[in-house]
Amino acid sequence: MDFCLLSAVCYFIPLYLLIQFLRFIFADADFTLLWACVVGTKPEARLKGLVVWVTGASSGIGEELAYQLAGCGSRLVLSARRVDELNRVKRRCLECSNLEDQDILVLPLDLLERASHEAKTKAAIQHFGNVDILINNGGRSQRSLCLETSIDVYEALMELNFLGTVSLTKQVLPHMTQRGSGSIVTVSSVVGLTGAPLATGYSASKHALQGFFNSLRTELTDYPKILISTVCPGPVQSQIVHNAFTEELGMPITTVGDQQHKMPTSRCVRLILVGIANGAKEMWIAQQPFLLFYYMWQYTPTWAWFITNVLGRKRVQNFKAGLDADSAYFTKPKSS
C-alpha cells in the first residue's frame, strides 16, 4: 500500500507541476485573478445596477470600461475633458445595452482642475444618489529620456496622474465611508511596480499611486466593505501612447509604432471587471513575457534587474535611432 501511494505521489506531482507550468506560459494575469475568472462571481451579477464613475472615459481602457460596464447593467458617470467624445461613448453604450438615457451621466472633468472636483462629485451624487465605484483611469504616459526631459514634464505628470487622482479620490471617499461601502479602483501600470526606460516620470507617478493606495487601504480597516484596488496592466492596445508627454510640454510624440502585439483592450477590461466583482486588492494583467517580469520582480529581483537592463538598453537604442522603442520587447533584432 505504501509503495502504491508513493508511486501515485511521484506520478501526480510532476503532472501537477507540468500543468501549472503550461498555465503560466499561456496566462495573461496573476493566478488569483485567473482563478476568479473560473470560479468567482461574474461581473454581470455583481455590477448590475451599481453606479460606476469612470475617468478617462473618452478613449482607450476607459472607453472600453464604459462599454463593458454598460453591458453589465451598471449606471455610468463618464468623465474626461473632451465632451464630444464622451457623448459619442454614451451613444454607443446606449446602443449596446438596455440602459436608458438617464442611466448615463456625461460629466466633463479635468483632473488638473482640482478646485472643481468637489462640485463634480456633488453633481454625480445628486444625479444618482450615490457613487458605488470610482475607477481612476485618467492620466497620460511619457516617452522621453530623463537627460532630455524638462522638469516641467515631470511636474505635469505628477500633477495629473498622482495629485489629480488623489484629489478626486478624497472627494468621493467620505461619501463611501459615510455609507460604509464602495470601491475605489485605480489603474496603475506595470511600471508602478518596476521601472522602465523612457518613462521615468510616468513610472514615478504610478509608484506614487501604488504607495498612496496601499497606505490608504491600511487606514480603512474599520471599513471592510470599502475596496481599495490597484490595477497594474502591461502593454495594452490604447490611445494613451498617442498623447504621451515627450521632452517638452506641448511637443507631440513622433513614433508610436504598431500595437498589434499588445493585449487587446477588451481582454484587459474584462479582467479588471472580474477583479472588481471579486474584491481583488491588486491585479496583475499582462501577456508574456511581461507577466513573468511581475513575478521575477516580486520573487527574484536580481534576475529581474539583469533582464530589465538588457531589454532596456535595446529600447533606448531603438528610441535614439528613431525606431519603435517597444520593438525591443516583442521582436528579435534583424541580422545584417
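Only this structure's heavy atoms are used, side chains among them; waters, hydrogens and symmetry mates stay out. Note that the numbering runs from 1 along the sequence shown for the chain.
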Scan Phe290, Trp305, Trp303, Trp284 and name whichever one has a ring pair (Phe, Tyr, Trp, His ring centres under 6.0 Å) with Trp297.
Trp305
Would a 4.5 Å heavy-atom cut-off, applied to side chains only, mark Val52 and Arg75 as touching?
no
Taking every non-hydrogen atom, the tightest pair across Ala57 and Ala80:
N-CB, 4.1 Å
Mind checking whether Tyr223 and Leu50 sit in one hydrophobic cluster, side chains of I, L, V, M, F, W, Y counted as touching below 4.5 Å?
no
Any idea how Tyr295 and Phe31 line up, ring-wise: parallel (<30°), tilted (30 to 60°), or perpendicular (>60°)?
tilted
Measuring only between side-chain heavy atoms, which start at C-beta, is Leu111 closer than 4.5 Å to Leu109?
yes
Give a yes or no on whether a salt bridge exists between Arg92 and Glu64, defined as a side-chain N under 4.0 angstrom from a carboxylate O.
no
So Glu44 and Lys48, salt bridge (charged side-chain N to carboxylate O under 4.0 Å, His left out) or not? Walk me through it.
CA-CA 6 Å; Glu44 292 80 3; Lys48 184 177 181 179; over 6 Å; no
Verify side-chain contact (heavy atoms from CB on, under 4.5 Å) between His127 and Val77, making sure each step is shown before the conclusion.
CA-CA 9 Å; His127 183 86; Val77 181; over 6 Å; no
Minimum side-chain heavy-atom gap Thr302-Phe306 below 4.5 Å
no
Just do the side-chain contact (heavy atoms from CB on, under 4.5 Å) check on Phe162 and Ser167 with the steps written out, would you?
CA-CA 9 Å; Phe162 177 62; Ser167 173; over 6 Å; no
Just do the side-chain contact (heavy atoms from CB on, under 4.5 Å) check on Lys262 and Val236 with the steps written out, would you?
CA-CA 5 Å; Lys262 299 180 180 180; Val236 174; 5.6 Å; no
Carboxylate-amine/guanidinium contact Arg91 Glu95, below 4.0 Å:
no
So do Val190 and Thr194 actually touch side chain to side chain, heavy atoms under 4.5 Å?
yes
Is it true that a side-chain atom of Lys42 and a backbone atom of Cys37 form a donor plus acceptor pair closer than 3.5 Å?
yes
Do Met263 and Gln237 have side chains that get closer than 4.5 Å, going by heavy atoms?
no
With a 3.5 Å distance limit and no angle check, can you tell me whether Ser215 reaches the backbone of Gly211 through a side-chain donor-acceptor pair?
yes
Examine distances only and state if a side-chain atom of Asn161 and a backbone atom of Arg140 form a donor-acceptor pair shorter than 3.5 Å.
yes
For Glu282 and Ser229, which heavy atoms make the closest approach, and how far apart are they?
N-OG, 4.4 Å
For the side chain to side chain donor-acceptor pair (under 3.5 Å) test, which of Arg81, Arg88, Arg82 pairs with Glu85?
Arg88
Taking Ile276 as the starting point, is it possible to reach Phe213 by hopping between hydrophobic residues whose side chains are less than 4.5 Å apart?
no
Might you point out which heavy atoms bring Leu107 and Ala123 nearest each other, and give the distance in Å?
CD1-CB, 4.1 Å
Whether Ser74 side chain and Ala70 backbone form a donor-acceptor pair below 3.5 Å
no
Calculate, to the nearest 0.5 Å, the distance between atoms CG and CG belonging to Leu99 and Leu69 respectively.
9.5 Å
Spell out, yes or no, whether Leu209 and Ile226 are grouped together once hydrophobic residues are joined by side-chain heavy atoms under 4.5 Å, including indirect joins.
yes
On a heavy-atom basis, which atom in Ala204 and which in Met158 lie closest, and how many Å separate them?
C-SD, 4.1 Å
Within a strict 4.5 Å, meaning less than it, do heavy atoms of the Val185 and Leu134 side chains meet?
no
With a 3.5 Å distance limit and no angle check, can you tell me whether Ser188 reaches the backbone of Cys232 through a side-chain donor-acceptor pair?
no
Dump the intermediate steps for side-chain hydrogen bond (donor to acceptor under 3.5 Å, both in side chains) on Glu63 and Tyr67, then the final yes or no.
CA-CA 7 Å; Glu63 179 178 353; Tyr67 299 148; 2.6 Å; yes
Can any side-chain N or O of Asn214 pair as donor or acceptor with the backbone N or O of Gln210 at less than 3.5 Å?
yes
Donor-acceptor pair, Lys206 side chain versus Leu193 backbone, under 3.5 Å?
no
Would you say the side chain of Leu198 lies within less than 4.5 Å of the side chain of Gln142, judging by non-hydrogen atoms?
no
Any side-chain to backbone donor/acceptor pair from Arg143 onto Phe245? Under 3.5 Å, distance only.
no
List in chain and number order the residues that pass ring-ring contact (aromatic ring centres under 6.0 Å, His included) with Trp53, two or more places apart in sequence or in another chain; answer none if no residue qualifies.
none
Report, as yes or no, whether the 6.0 Å neighbourhood of atom CD on Gln178 holds more than 12 heavy atoms from other residues, nucleotides or ligands.
no
For Ala27 and Leu291, work out which heavy atoms get closest and say how close.
CB-CD2, 3.6 Å
Got more than 12 heavy atoms from elsewhere within 6.0 Å of CD, Gln102?
yes
Over all heavy atoms of both residues, which pair between Ser141 and Leu157 is shortest? Give the atoms and the distance, please.
O-CD2, 3.9 Å
When you measure from the side chain of Asn137 to the backbone N and O of Thr55, does any donor-acceptor pair fall under 3.5 Å?
yes
Enumerate donor-acceptor pairs with a distance under 3.5 Å from any side-chain N or O in residues 168-176 to protein atoms, sequence neighbours excluded.
unit_1	atom_1	unit_2	atom_2	d
Thr169	OG1	Asn136	ND2	3.1
Thr169	OG1	Thr165	O	2.8
His175	NE2	Val131	N	3.1

Should Tyr202 and Tyr294 be counted in the same cluster of Ile, Leu, Val, Met, Phe, Trp and Tyr side chains packed under 4.5 Å apart?
yes
Please determine whether residues Ile184 and Met283 belong to a single hydrophobic cluster, defined as Ile, Leu, Val, Met, Phe, Trp and Tyr linked transitively by side-chain heavy-atom distances below 4.5 Å.
no
Residues Ser144, Thr149; criterion side-chain hydrogen bond (donor to acceptor under 3.5 Å, both in side chains); working and verdict:
CA-CA 6 Å; Ser144 60; Thr149 303; 2.8 Å; yes
Sub-3.5 Å donor-acceptor pair from the side chain of Ser203 to the main-chain atoms of Thr200, do we have one?
no
Quick check: are there more than 12 heavy atoms from other residues, nucleotides or ligands sitting under 6.0 Å from CG of Asn98?
no
Please lay out, stage by stage, how Cys268 and Ile61 fare under the test side-chain contact (heavy atoms from CB on, under 4.5 Å).
CA-CA 8 Å; Cys268 177; Ile61 291 176; 4.2 Å; yes
Tell me, do Ile272 and Ile285 make a side-chain contact under 4.5 Å, heavy atoms counted?
yes
